[in-house]
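Letters go in sequence order (proteins before strands), and every chain restarts at 1. Just so you know, these numbers come straight off a predicted model, no measurement behind them.
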Amino acid sequence: MGVNVPEDLRYTSGHEWARLEGGRVRVGITDYAQDALGDIVYIGLPAPGATATAGESLCELESTKSVSDVYAPVDGTVVEVNSELVDAPQRVNEDPYGEGWICVIDPVSPDALQSLLDPEAYRGLIEA
Amino acid sequence: MVAFGGWEMPLEYGPGTVAEHLACRHHCVVFDVSHLGTVRVVGEGAYQVLQHALSNDLAKIGPGRAQYTHLLDDDGSVADDLIVWWVAEERFDVMPNASNTSRALAALGGRDVTAERAVLAVQGPEARAVVAKVCPPAAEVPRFSVRVVDWGGTQVVVAGTGYTGEDGLELAVPVAGPGRGGAPAPTAGAASRPAEGAGGPAAELWDALLGAGALPAGLGARDTLRLEAGLPLHGHELGPGITPLEAGLSWVVAWDKPGGFRGRDALVARRHAREQAPGRALRGIVGEGRQPLRSGYPVLVGGTAIGELTSGNFSPVLGRGIGMAFVPADVAPGTAVQVEARGRRLAGRVVKLPFVKR
C-alpha cells in the first residue's frame, strides 16, 4: 500500500537499495524497510575506508522498536558516509532514497549490481 | 499491532512513536488502555479486604479518590502494582496490569469487569481542555480523584490518573449499551476492542476525543513516556525478588497500618537487612549519545559490571538513550558508567529518576 520502489535502483532481499553513480554505489534502506522499522532514532555509520562485504553487516540502525543491521549490497570499500544522519537519523524515514542515503561504496567489481534484485523482483518480494 | 498481556494492541498510529510521545509532552494524546484490568470489589467488607491485601493505606484517602498501591507476595516481592479507584463508599474499581488481573482477582475477590468497559487515557498538558470539549464535568476531576459523570446518558468513571508523567484523565466507559445517537459511525474505533464493541459508547467517546484534538498514541509511546517519567513497569522494574524498597517505592508501604498487610513480615525483614547493607536501588542511566539503551544491557563502573538495564530506549525529549537499572545503592547520581550495547561500551552516567519532570 503505497510503498515507493523507484525504477532506477537495484535492491537486496534485506531491503537495501543501491544506485550506480559513476562507478560507485550509493546505499540506503528502502521505503518498505523504514516503514517497518518505525522511527529511526540512531545510526552507527560505517567508518570511511571500511571494507564492505556483500551480505554482511555494514552498520546498525535503531528505531524506538528495535535494532537492525544494514547489509552491504556489494563488495567494496566505504568511501563516503552520510554524517548528517548522526544528528538527524529521522531523514532515513523522511526521505529514504534521497537525504536518507547511508554511504557510498567503491565496488570491487563494476558489474556488482547485476546480481541484485530489479524493481519488479523487489516489489514481488515485499508484496509476497 | 502487537500482542500484549493477551491483547492485540497498536504499537503506534500513523505519526509514529516519537511524534506521539512529543504530542503527549506538549499537547494531548489518547491511549486505549482497555487492556488494564478492572476488578470491582463492592460491599461492606470491601474496604477491609483491600486494606489487608494491599500495601498502601486507604485511610490516607477516601471515597472519590485514587491511590497507587502494591499487591505483595508473602516474600515481599511486588506481585502487581495497581491503582485503586475508590468510586463510592462501598465500591472499589481496582486496576491491575493486564497480565496480573487473575492475580488481583485471587487476592481481592470481587468481579472482573474488564470486558465490560473500555478505558481511554487522555494525557498531556492540553488533556483537560480536550476533555472539556467532549464532557465538561470529566475535565474538572482533580488529580488522583475519581468521579462518575454523565456523558449524554452514559455513565463514565473518570480518574485524574495516568502513566506518562503528564497531567491527564482516564475514562472508563461501557463498551456496550446505547450510544449517544446522532453521532457519525465510528471510524478509527478504539483499536484494541473486540469487534463486537465497535459502535458503542466507548468507540463514540474515542472518536469524540480525536475530534476534540487528541492524537491517538500507541504502546510504543506509552513505554517511552513512562520511561522518561521514571515510572516502573511490572515485569521489568517490579516483580519476583523485587520489593518496593529496591524500586524506591517505600512510600506505598503503610508499615503501621492496623491489621498489617500481605507480605509485611518479609518486607520488615528486608528493611532491616537494608539498614545493615544497603543492597540495590533503582536508578536512571543517561547515555551520552542518541543510541537507545535497551533492557538487558550490562552497566559497568570502571570495567566492573554493577547491574543491568531493566528498561531502556531513546528519550525523545532529551535526544539521548536512557534506561533504568538496579545498581548498588551507594552508586551515587553523577557516577560515570559504561553501558555494554552488543559488545560496544557506551558512556553514560547515573541520574536520579525521573529523567524528565513536568
Would you name the heavy atoms of [X] and [Y] that are closest together and state the gap between them?
{"X": "A:Lys65", "Y": "B:Leu11", "value": "CD-CD2, 3.3 Å"}
{"X": "A:Ser63", "Y": "B:Pro292", "value": "O-CG, 4.4 Å"}
{"X": "A:Thr64", "Y": "B:Arg294", "value": "O-NH1, 3.5 Å"}
{"X": "B:Arg344", "Y": "A:Tyr42", "value": "NH2-OH, 4.4 Å"}

task = Side chain from CB out, backbone as N, CA, C, O: work out which of these in B:Ala221 comes under 4.5 Å of a heavy atom of chain A, or both, or neither.
result =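 When you check distances to chain A, no heavy atom of B:Ala221 falls under 4.5 Å.
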
message = Is B:Glu12 in contact with chain A via its backbone, its side chain, both, or neither, using a 4.5 Å heavy-atom distance?
response =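 It is the side chain, since no backbone atom gets that close.
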
Find the distance between [atom1] ([X]) and [atom2] ([Y]) and round it off to the nearest 0.5 Å.
{"X": "B:His21", "Y": "A:Asp39", "atom1": "NE2", "atom2": "CG", "value": "11.5 Å"}
{"X": "A:Asp87", "Y": "B:Arg290", "atom1": "CG", "atom2": "CZ", "value": "7.0 Å"}
{"X": "B:Asn313", "Y": "A:Glu62", "atom1": "CG", "atom2": "CD", "value": "9.0 Å"}

message = What part of A:Val86 gets within 4.5 angstrom of chain B, counting heavy atoms only: side chain, backbone, both, or neither?
response =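 Just the backbone, heavy atoms under 4.5 Å.
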
inquiry  = Heavy-atom count check: over 12 atoms from other residues, nucleotides or ligands less than 6.0 Å from A:Glu21 CD?
reply    =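 Counting neighbours around CD of A:Glu21, more than 12 heavy atoms of other residues, nucleotides or ligands fall under 6.0 Å, so yes.
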
